[in-house]
Each structure stands twice: as structure tokens, then as C-alpha cells.
Amino acid sequence: MDRKRVRFGTWMAMIALAVGLALPAWAQRKPPYYVSIKASKALLRTGPGRNYPGSWLYQRRALPVKVVDVYGEWRKIEDPDGTQGWMLRVLLDEARTAMVRGTIIEMRSTPSPDGHVNWRAAPGVVGRISKCSSGWCWFEVEGRGGGYVEQSRVWGVDPGEAVD
């Protein structure tokens, strides 16, 4: 009787382990979606593997990128300039950031064109985004503060996309 219990317990532990290992694969998001670069230096490769040559070295932490494909632990990304390539998942962060595109934008106290202007941000400025709805996002630049910006004026969020 004790042998059956031990055998049953062993099988249950193995099943639990298998399910636990499979859960991350089930939870994987389907592209396209936005993330940011976590590392201070991140190599973009021409293919999904260390044997592929590097095509670009990013040295800008928190730069927003769009994941357009997934292959195991590799993510095919697109940067704000449209450059595409493959990067290891561990070099990416789930934190949502965005980059100012076009001209100087006004960061407002409320999500409205009538809101008080807190700051202005130049093209190329990167900040964290949150609270995106109705065409506006909260945009916070490290060391400078934040404000609401028009969603269409930053790269890193799709038009009409809601972000918590």
C-alpha cells in the first residue's frame, strides 16, 4: 500500500512539474506588442540565435520596441526607425515606454488640449507611458516629471490602444 502511495505521489509531482513548466508557454503574448529595452547594451541580430551576426548595438536603455515575431527565447523586434532584427527576451522589459516623434510635444496636466502645459518634450525623448485612453497617455520622463500627451504624437503605443 505504501508503495502505491509513493508511486502515485511521484506521478502527481511529475505532472505538476510538467504543467508548471508549460504555463509560461501558454501565457506568452501573441505579437505584435510593445516592450522596452532593459539592458544598457543590447545586440540586435539578423536571426534568432547567437550564431547569427549582430546588425545593430543599442545603447539606450528603455527605448520602446515592437515585438513582431517570436521564436523560442528570441523576439523579432522593430525599433522606432523601422529597423527589424532578433533580440533575446532577457534583454527586453515589459515596462511600457514611448518616444516623442515629429515635433516638440506639450505634456499637459489633464488629458485635454485645454490642460495646463507642465513640460515640453523634444523629438527623441523617451519616457514611461501609462493611463492611455481616449487618445491621451500619461508620459513620464525620468528626472523631469510627467504630463498627458496626445497618443498619436509618441511611438510605442498604437492608436486607440488602452494602456493601464
Side-chain angles (χ1 to χ4, degrees), residues 20-48 54-164:
L21 292 174
L23 279 177
W26 293 340
Q28 189 176 77
R29 290 194 285 171
K30 293 198 183 291
Y33 59 91
Y34 291 93
V35 294
S36 57
I37 295 179
K38 183 188 321 185
S40 58
K41 289 186 180 182
L43 186 61
L44 187 71
R45 294 185 179 272
T46 59
S55 59
W56 194 258
L57 178 63
Y58 291 93
Q59 297 185 47
R60 188 167 190 187
R61 202 181 135 279
L63 183 73
V65 294
K66 183 185 240 183
V67 174
V68 295
D69 200 2
V70 173
Y71 183 81
E73 290 297 305
W74 293 87
R75 303 294 181 262
K76 185 174 187 183
I77 63 164
E78 180 178 326
D79 72 16
D81 293 326
T83 301
Q84 289 190 356
W86 293 87
M87 191 173 286
L88 266 172
R89 182 189 58 79
V90 297
L91 299 174
L92 302 172
D93 193 346
E94 294 293 319
R96 291 293 297 268
T97 63
M99 186 171 87
V100 176
R101 300 289 287 185
T103 60
I104 293 172
I105 63 170
E106 296 175 333
M107 299 166 60
R108 300 185 175 275
S109 59
T110 61
S112 160
D114 300 327
H116 172 76
V117 176
N118 293 342
W119 306 96
R120 287 183 175 82
V125 169
V126 172
R128 286 189 176 262
I129 58 165
S130 60
K131 298 186 251 179
C132 295
S133 65
S134 304
W136 291 85
C137 291
W138 180 258
F139 184 72
E140 190 161 354
V141 179
E142 190 174 325
R144 296 291 297 168
Y148 286 95
V149 298
E150 291 178 81
Q151 199 166 359
S152 62
R153 305 286 306 278
V154 294
W155 192 93
V157 61
D158 288 326
E161 180 185 1
V163 177
D164 295 330

Atom CE in Met107, atom CD in Glu140: separation rounded to 0.5 Å?
8.0 Å

Identify the heavy atoms of Asp79 and Tyr58 that sit nearest to each other, and give their distance.
OD2-OH, 2.7 Å

Nearest 0.5 Å please: distance from the CZ atom of Arg96 over to the CD1 atom of Ile129.
4.5 Å

Which heavy atom in Pro64 sits nearest to a heavy atom in Gly156, and how many Å separate them?
CB-CA, 4.3 Å

Among all residues two or more places apart in sequence or in another chain, which pass the salt bridge (charged side-chain N to carboxylate O under 4.0 Å, His left out) test with Arg108?
Glu106

Any side-chain heavy-atom pair of Lys41 and Leu57 under 4.5 Å:
yes

Applying salt bridge (charged side-chain N to carboxylate O under 4.0 Å, His left out), name anything that partners Glu150, two or more places apart in sequence or on another chain.
none

Exam field: side chain Arg75 to backbone Lys66, donor-acceptor pair closer than 3.5 Å
no

Closest heavy-atom pair, Ile104 versus Arg153, reported as atoms and distance to 0.1 Å, is O-NH2, 3.2 Å

Which pair of non-hydrogen atoms, one from Gly147 and one from Asn118, has the smallest distance, and what is that distance?
CA-ND2, 4.0 Å

Tell me, which pairs form a ring pair (Phe, Tyr, Trp, His ring centres under 6.0 Å) where one or both residues lie in residues 95-143, sequence neighbours left out?
Trp138-Tyr148

Report yes or no: does Ser36 contribute a side-chain atom to a donor-acceptor pair with the main-chain N or O of Thr97 at less than 3.5 Å?
no

Tell me if the CD atom of Gln59 is crowded by more than 12 foreign heavy atoms within 6.0 Å.
yes

What closest approach, in Å, do Cys137 and Gln151 show between heavy atoms, and which atom pair accounts for it?
SG-CG, 3.8 Å

Just one of Asp164, Val163, Val154, Asp158 clears the side-chain contact (heavy atoms from CB on, under 4.5 Å) bar with Cys132, so which one?
Val163

Can you name the residues that form a side-chain contact (heavy atoms from CB on, under 4.5 Å) with Ser133, not counting sequence neighbours?
none

Could you pull out every donor-acceptor pair under 3.5 Å between side chains of residues 81-95 and any protein atom, sequence neighbours left out?
from: Gln84; atom 1: NE2; to: Glu78; atom 2: OE1; distance (Å): 2.9
from: Arg89; atom 1: NE; to: Glu73; atom 2: OE1; distance (Å): 2.9
from: Arg89; atom 1: NH2; to: Glu73; atom 2: OE1; distance (Å): 3.1
from: Asp93; atom 1: OD1; to: Ala95; atom 2: N; distance (Å): 3.2
from: Glu94; atom 1: OE1; to: Arg29; atom 2: NH2; distance (Å): 2.4

Which pair of heavy atoms, one from Thr46 and one from Ser55, lies closest together, and at what distance?
CG2-CB, 4.0 Å

Tell me, please, which residues at least two apart from Thr110 pass side-chain contact (heavy atoms from CB on, under 4.5 Å).
Ser112

If only atom types and distance count, is the side chain of Asp69 paired as donor or acceptor with the main-chain N or O of Pro31 below 3.5 Å?
no

About how many Å separate CZ of Arg60 and CD1 of Ile37, when rounded to the nearest 0.5 Å?
10.0 Å

Determine whether more than 12 heavy atoms belonging to other residues, nucleotides or ligands lie under 6.0 Å from atom CH2 of Trp56.
no

